[in-house]
Amino acid sequence: MSEVVRKQLILLALCMGAAIPSMLLGTVAEESLHVSGFAVALAALGIPLFLLLKVRPDLFR
């Protein structure tokens, strides 16, 4: 498997790993706290991906 495909698969797995819990958190927050679940899920997804970009900027190239 080429290096580019391997990096893309790792990035896809990391994004899916961050997206699924963030959507779950958004749904729980929407039901229990009566806030926008989309905003909570977007923040919960964006923060780990931003930190990943800061820690490993070469992963996105």
Problem set entry | same_hphob_cluster(V35, L25) at 4.5 Å side-chain heavy-atom cutoff | yes
Indicate the atoms forming the closest heavy-atom contact of [X] with [Y], along with that distance.
X	Y	value
E31	H34	O-CE1, 3.7 Å
P21	M16	CD-O, 4.4 Å
G26	V40	CA-CG1, 4.0 Å
A44	S22	CB-CB, 3.6 Å

Exercise. Hey, are the side chains of K7 and L11 touching, using non-hydrogen atoms and a 4.5 Å cut-off?
Worked result: no
Exercise. Looking at NZ of K54 and CG of L51, how far apart are the two atoms once the value is rounded to the nearest 0.5 Å?
Worked result: 10.0 Å
